[in-house]
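For reference, the structure is listed below as structure tokens.
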Amino acid sequence: MTSLHSKVLSLIALPVILFGSAACTPLAETETGNASSSISATAEAPAPAPAPAEADGPAEAPEPAGPAAAGTALEQLETLPIKGRAPKTGYDRDQFGPAWADIDHNGCDTRNDILARDLTAVVYKDGTKECVVASGSFADPYTGTTISFVRGNETSTAVQIDHVVALSDAWQKGAQQLSAEDRRQLANDPLNLMAADGPANGAKSDSDAASWLPPNKAFRCGYVATQTAVKAKYSLWMTQAEHDAIASVLSTCPDQPVPAGAGLPPAVAVAGADAGAEDVAADPAAGVGSAPVYANCTAVKAAGAAPIRPGDPGWDPKFDGDGDGEGCTS
């Protein structure tokens, strides 16, 4: 009986042992397989590339650019001092004298002088002795477009006269220390004046080269060269950002020359002259014959010169309050 009982128990236990072994075997094989795969992946992974051998010495620095060529805008740029912008306190357009004064005493105001210089196919207003520009064609350097200029209340602003170095910018970078006469010269110096597209001139406002450059990239070298020349001529300075912006532009045209007419302003040039020459240069009418200088319309009328027009001896734009080309008519 006992033997029969033991055999029954053995028959019951045998499947459990068989199935239990089968269930455990795959688990062992899987773990082994994973381990083998991991080892194989580790063995087959490419070795990291060896670090490059160190050079015998330090890397060669780029060869420095040579000194700026003589007579170039880059050379002139190197002479300008770099300082921070001074406060705008006290700035007013009147600090630079009457707008568009006739500083060359040719009988024409500066605005019309520049229009006549920069426009082609110029037509003058009748009765103004070829002073007041009535119309013309203008190839705008700021935008690269061509504008038909026609004088009129609603059309004249299409072409404006820009101060290449804005007067407000000049005021904050040294012009406060200039004499009133030097500021007047700066505001009317043909070197610092250029006919320009009205909207482009408005966008520029009183910006320096760090914050505005002409949209026409082909003109940028000439533009910043002129700004540099004006600041050198009138002993003005630049901010670091402005200097760097101009240097960046000129690096693309290192042979850009200093513009013509970039000499010393009259008052500065006189300082090194002898006493006799200084006395002559101090007279605003020197070298202009007997051209009269009228303080106001009362003086014009007293001299029997009214009405006075552009081109007449003693003409000044202040006499033409209504802009009709005739002054002291009332």
Side-chain angles (χ1 to χ4, degrees), residues 73 76-77 93 96-104 106 108-122 131-151 155-171 173 175 182-234 236 238 242 245-246 249-250 253 256-263 265 317:
Q76 190 173 55
L77 178 64
R93 175 61 180 82
F96 292 81
W100 312 130
D102 179 18
I103 62 171
D104 59 1
N106 69 344
C108 305
D109 63 79
T110 303
R111 172 178 165 78
N112 280 292
D113 281 341
I114 301 303
L115 286 173
R117 182 195 71 183
D118 292 356
L119 272 60
T120 58
V122 172
C131 267
V132 177
V133 175
S135 64
S137 179
F138 175 53
D140 174 47
Y142 285 178
T143 62
T145 60
T146 299
I147 303 170
S148 294
F149 171 77
V150 178
R151 179 177 293 276
T155 57
S156 288
T157 55
V159 177
Q160 301 176 8
I161 306 301
D162 179 38
H163 287 97
V164 181
V165 172
L167 300 185
S168 170
D169 179 70
W171 179 260
K173 297 173 184 174
D182 277 355
R183 287 197 295 269
R184 189 175 78 100
Q185 292 286 342
L186 169 60
N188 293 277
D189 190 337
L191 175 66
N192 193 34
L193 295 173
M194 182 178 298
D197 169 77
N201 187 38
K204 172 190 171 181
S205 186
D206 61 354
S207 300
D208 61 21
S211 50
W212 189 89
L213 289 169
N216 179 18
K217 293 183 179 180
F219 183 65
R220 289 182 178 180
C221 285
Y223 176 76
V224 299
T226 300
Q227 286 193 322
T228 301
V230 170
K231 294 207 165 187
K233 182 174 181 179
Y234 289 92
L236 307 178
M238 292 184 177
E242 176 186 10
I246 290 178
V249 172
L250 292 178
C253 47
Q256 180 73 31
V258 172

### Separation between CH2 of W100 and CG of L193, rounded to the nearest 0.5 Å
5.5 Å
### Query
Can you name the closest pair of heavy atoms from F219 and P214 and give their distance?
CD2-CG, 4.1 Å
#### Entry: Between CH2 on residue W171 and CG on residue L236, distance to nearest 0.5 Å
12.0 Å
### Expected output: side-chain N188 to main-chain R184 donor-acceptor under 3.5 Å
yes
## Note on the structure
Sorted by chain and number, sequence neighbours left out, side chain to side chain donor-acceptor pair (under 3.5 Å) with E242 holds for K173, K231
### Message
Using 0.5 Å steps for rounding, measure from the NZ atom of K233 to the CG atom of D182.
### Response
10.5 Å
### Residues which pass side chain to side chain donor-acceptor pair (under 3.5 Å) with D162, listed by chain and number, not counting sequence neighbours
Y142, K204
### Non-neighbouring partners of N112 that pass side chain to side chain donor-acceptor pair (under 3.5 Å), sequence neighbours left out
D109, R151
### Query
Quick one: CG on L213 to CG on N216, what's the gap to the nearest 0.5 Å?
11.5 Å
### Task
Only counting residues at least two apart or in another chain, list the ones meeting side-chain contact (heavy atoms from CB on, under 4.5 Å) with S148.
none
### Query
Are R183 and Y234 close enough that some pair of their side-chain heavy atoms sits under 4.5 Å apart?
no
### Message
Treating T155 as the side-chain partner and V150 as the backbone partner, does any N or O pair qualify as donor plus acceptor under 3.5 Å?
### Response
yes
### Summary
Closest non-hydrogen atoms of A195 and P141, given as atom of the first, atom of the second and distance, are O-CD, 4.1 Å
## Note on the structure
d(H163 NE2, D189 CG) to nearest 0.5 Å is 9.5 Å
### Summary
For D206, the salt bridge (charged side-chain N to carboxylate O under 4.0 Å, His left out) test, sequence neighbours excluded, returns K88
### Message
Is any side-chain heavy atom of D169 closer than 4.5 Å to one of S207?
### Response
no
### Task
Could you list the residues that satisfy side chain to side chain donor-acceptor pair (under 3.5 Å) with D102, not counting sequence neighbours?
none
### Task
Starting at CZ of F138, measure out to CD of Q160 and round the result to the nearest 0.5 Å.
10.5 Å
### Message
Can a donor-acceptor pair be found, under 3.5 Å and without considering hydrogens, that links the side chain of N192 to the backbone of V164?
### Response
yes
### Query
Is there a side-chain contact between V224 and L250, using heavy atoms and a 4.5 Å cut-off?
yes
### Query
Are D197 and T143 close enough that a side-chain donor and a side-chain acceptor fall under 3.5 Å?
no
### Task
From the options V133, D113, I114, L115, select the one residue that forms a side chain to side chain contact (heavy atoms under 4.5 Å, CB included) with C108.
D113
### Message
Do T228 and M238 make a side-chain contact, defined as non-hydrogen atoms from C-beta onward lying under 4.5 Å apart?
### Response
yes
#### Entry: D104 and T110, any side-chain heavy atoms less than 4.5 Å apart
no
